[in-house]
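Worksheet for the structure shown next.
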Amino acid sequence: MKISLVGAIHQQYPDSEIVELVGKIRSAISDSANILEIERRFYNHLSTMGCPLAGTHIMPSATEQIDTDLLISMGGDGTFLRASKLVAGSRAPILGINTGSLGFLANVQPEEFEDVFQQFLDGTAEYEERTMLDAFIRESGKDEVYMGSVLNEVALLKRDTARMITVNTYIDDDFVAGYDGDGLLVATPTGSTAYTLSVGGPIISPATSSITLCAIAPHTLNMRPLVVPEGVEVRMEVQSRTGNFSLACDGKATTHRLGEDVIVRLSDKRLRVLHSREYSYFTTLRNKLMWGHNVRKSAR
């Protein structure tokens with residue numbers, strides 16, 4: 001069995017604790033007669049920290065799906081997002097160890113790893129499938145160009161900080177509205193606790209089949225978040241005095257000219273996420289967002 005490890009170069013945890021955690025991962029995997037491969041840049045970073053890496057392998061450079069039986073993401077939610085692209089659409093699950101800050105996606109704590117990994121080996125772990133979206137650019141008279149798959153959101157953003165853009169939005173060619181403001185987000189349920197949350201969007205359970213549209217700093221204050229079925233096509237035309245706009249797929253941005261429509265559809269890819277048997281999405285929400293937490297009492 002092949003286990004792959006992707007990690008953040010800059011971690012919230014001290015180097016000594018990172019080395020200790022990698023040691024636990026190596027030990028758990030070697031005890032089970034598995035192969036551990038580590039992405040090159042993280043491998044090199046661990047080497048500079050004096051982390052023992054004997055018996056491990058360097059993962060071949062990859063930006064798309066890799067051949068593995070389990071992918072471990074070690075870092076925060078940003079590392080998890082980057083790693084997710086490597087196993088999206090495959091049967092290999094991803095396990096996120098949180099050595100970052102918030103940890104919505106990477107929700108396994110370092111001290112829980114050995115138990116969760118054993119559950120994976122025993123076949124008793126919990127799995128959850130997360131939906132993804134595909135983004136395309138289409139210029140008039142030309143074929144669609146695939147821009148990427150996202151776990152969180154597709155964002156259309158203005159390039160000039162001093163000016164608004166208008167995003168004329170269609171659902172299955174049915175005109176919805178022209179969104180005037182800083183841009184528009186098209187998000188998955190997973191993305192409802194990411195960028196969408198910060199612009200006032202609803203929190204949507206990942207088990208829900210839907211797509212959310214949220215305006216970013218709308219000029220018209222009655223522009224509210226809109227939730228639509230996952231099977232629809234969302235098409236967006238941008239109007240801007242600057243002649244261009246940004247398209248960000250899970251934070252990776254590219255610049256485009258007016259006349260290039262953005263199209264978003266449900267992806268055929270799914271992400272298989274590995275959790276411990278004790279995992280609860282609502283417990284994660286309650287803890288991470290401190291729901292029910294008495295701020296006045298804790299401030300005394």
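Counting begins at 1 with the first residue of the sequence. Note that the coordinates shown come from a computational prediction; the quantities given were computed from them, not determined experimentally.
Taking OG of S280 as the start and CZ of R286 as the end, the distance is 6.5 Å to the nearest 0.5 Å. Considering CG of L157 and CD1 of I165, their distance stands at 7.0 Å, rounded to 0.5 Å. Atom CE of M147 is separated from atom CG of L247 by 5.5 Å, given to the nearest 0.5 angstrom. Annotation: the span from L151 atom CG to C249 atom SG amounts to 12.5 Å, rounded to 0.5 Å. In this structure, NE2 in H256 is found 13.5 Å from OG in S240, a value given to the nearest 0.5 Å. Atoms CG and OG1, on L285 and T283 in that order, are 9.0 Å from each other to the nearest 0.5 Å.
Note on residues 167-178: pairs passing side chain to side chain donor-acceptor pair (under 3.5 Å), not counting sequence neighbours, are D173-R235. Applying the side chain to side chain donor-acceptor pair (under 3.5 Å) test to pairs two or more places apart or on separate chains, those with a residue in residues 176-188 are K158-D182, T166-D180. Sorted by first and then second residue, the side chain to side chain donor-acceptor pair (under 3.5 Å) pairs with a member in residues 202-219 form an empty list; sequence neighbours excluded.
S276 meets the side chain to side chain contact (heavy atoms under 4.5 Å, CB included) test with V116, Q119, E278, Y279; sequence neighbours excluded. Residues satisfying the side chain to side chain contact (heavy atoms under 4.5 Å, CB included) criterion with R265, sequence neighbours excluded, are F136, E144, E233, I263. Residues passing the side chain to side chain contact (heavy atoms under 4.5 Å, CB included) test with P218 are A215, M223, sequence neighbours excluded.
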So F120 and L70, side-chain contact (heavy atoms from CB on, under 4.5 Å) or not? Walk me through it. CA-CA 9 Å; F120 166 72; L70 171 67; 3.9 Å; yes
Where do L53 and T56 land on the side-chain contact (heavy atoms from CB on, under 4.5 Å) test, with the steps shown first? CA-CA 6 Å; L53 297 170; T56 64; 3.6 Å; yes
Given V199 and L185, is the side-chain contact (heavy atoms from CB on, under 4.5 Å) satisfied, shown in steps? CA-CA 9 Å; V199 298; L185 297 176; 3.8 Å; yes
Go through the steps to decide whether E230 and T131 satisfy the test side-chain contact (heavy atoms from CB on, under 4.5 Å), and finish with yes or no. CA-CA 9 Å; E230 66 176 12; T131 59; 3.9 Å; yes
Given the rule in the side chain to side chain donor-acceptor pair (under 3.5 Å) test, do D134 and S149 qualify, once you have shown the distances and angles that lead to the verdict? CA-CA 4 Å; D134 288 337; S149 299; 2.5 Å; yes
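Nearest heavy-atom pair, F113 versus K24, reported as atom, atom and distance to 0.1 Å: CE2-O, 4.2 Å. Between S192 and P189, the shortest heavy-atom distance links the atoms OG-O, 2.7 Å. Residue H275 comes nearest to E128 through the heavy atom pair NE2-OE1, 2.8 Å, listed as atom of the first residue, atom of the second, then distance. T68 approaches A92 most closely through the heavy-atom pair O-CB, 3.4 Å. Listed here is the closest heavy atom pair of T79 and M74: CG2-O, 3.9 Å. Smallest separation of non-hydrogen atoms from A8 and F42: O-CE1, 3.5 Å.
Looking only at distances, a side-chain donor or acceptor of T99 sits under 3.5 Å from a matching main-chain atom of G75. Under a 3.5 Å cut-off, the side chain of S267 and the backbone N or O of M132 do not form any donor-acceptor pair. Side-chain atoms of R82 come within 3.5 Å of backbone N or O of G7 as a donor-acceptor pair. A donor-acceptor pair is defined here as one N or O able to donate and one able to accept, closer than 3.5 Å; such a pair exists between the side chain of S47 and the backbone of Y43. A donor-acceptor pair under 3.5 Å is absent between the side-chain atoms of K2 and the main chain of N34, judged by distance alone. Side-chain atoms of R272 do not come within 3.5 Å of backbone N or O of G89 as any donor-acceptor pair. In this structure, E260 contributes its side chain and R257 its backbone to a donor-acceptor pair below 3.5 Å. Although no hydrogens or angles enter the test, the distance criterion places a donor-acceptor pair under 3.5 Å between the side chain of D77 and the main chain of F104. Q65 places no side-chain N or O within donor-acceptor distance of the main-chain N or O of K85, the cut-off being under 3.5 Å. Checking side-chain atoms of E153 against main-chain N and O of T196 turns up no donor-acceptor pair under 3.5 Å.
Around the NZ atom of K252, the shell of radius 6.0 Å holds no more than 12 heavy atoms that belong to other residues, nucleotides or ligands. In M49, the CE atom is crowded: over 12 heavy atoms of neighbouring residues, nucleotides or ligands sit closer than 6.0 Å. In this structure, D122 places its CG atom where more than 12 heavy-atom neighbours from other residues, nucleotides or ligands lie under 6.0 Å away.
Considering only heavy atoms from C-beta on, L184 comes within 4.5 Å of M236 through its side chain. Between I97 and I72, the closest side-chain pair of non-hydrogen atoms falls below 4.5 Å. When side chains are defined from C-beta on, F245 counts as touching L258, because their heavy atoms get closer than 4.5 Å. Between I18 and L46, the closest side-chain pair of non-hydrogen atoms falls below 4.5 Å. Under the 4.5 Å side-chain criterion, counting only non-hydrogen atoms from C-beta, F117 is in contact with I3. Inter-residue side-chain proximity for V19 and P52 is flagged as met; some heavy-atom pair is nearer than 4.5 Å. Under the 4.5 Å side-chain criterion, counting only non-hydrogen atoms from C-beta, S73 is in contact with I94. Residues R138 and D143 have side chains not in contact (no heavy-atom distance under 4.5 Å, counting atoms from C-beta outward).
Note on Y195: it does not cluster hydrophobically with V262, by side-chain heavy-atom contacts below 4.5 Å among ILVMFWY residues. Cluster membership check: L271 does not share its hydrophobic cluster with L274, using side-chain heavy-atom separations under 4.5 Å among Ile, Leu, Val, Met, Phe, Trp and Tyr. In the hydrophobic clustering of this structure, L156 groups with L226; members are Ile, Leu, Val, Met, Phe, Trp, Tyr whose side-chain heavy atoms approach within less than 4.5 Å, directly or through other members. Clustering ILVMFWY residues whenever any of their side-chain heavy atoms sit less than 4.5 angstrom apart, transitively, puts I203 in a cluster other than the one holding L213. There is no path of hydrophobic side-chain contacts, each under 4.5 Å, that joins I216 to V154.
No hydrogens or angles considered: nothing links the side chains of S16 and Y13 as a donor-acceptor pair under 3.5 Å. T242 and R159 share no donor-acceptor pair across their side chains, judged by distance under 3.5 Å alone.
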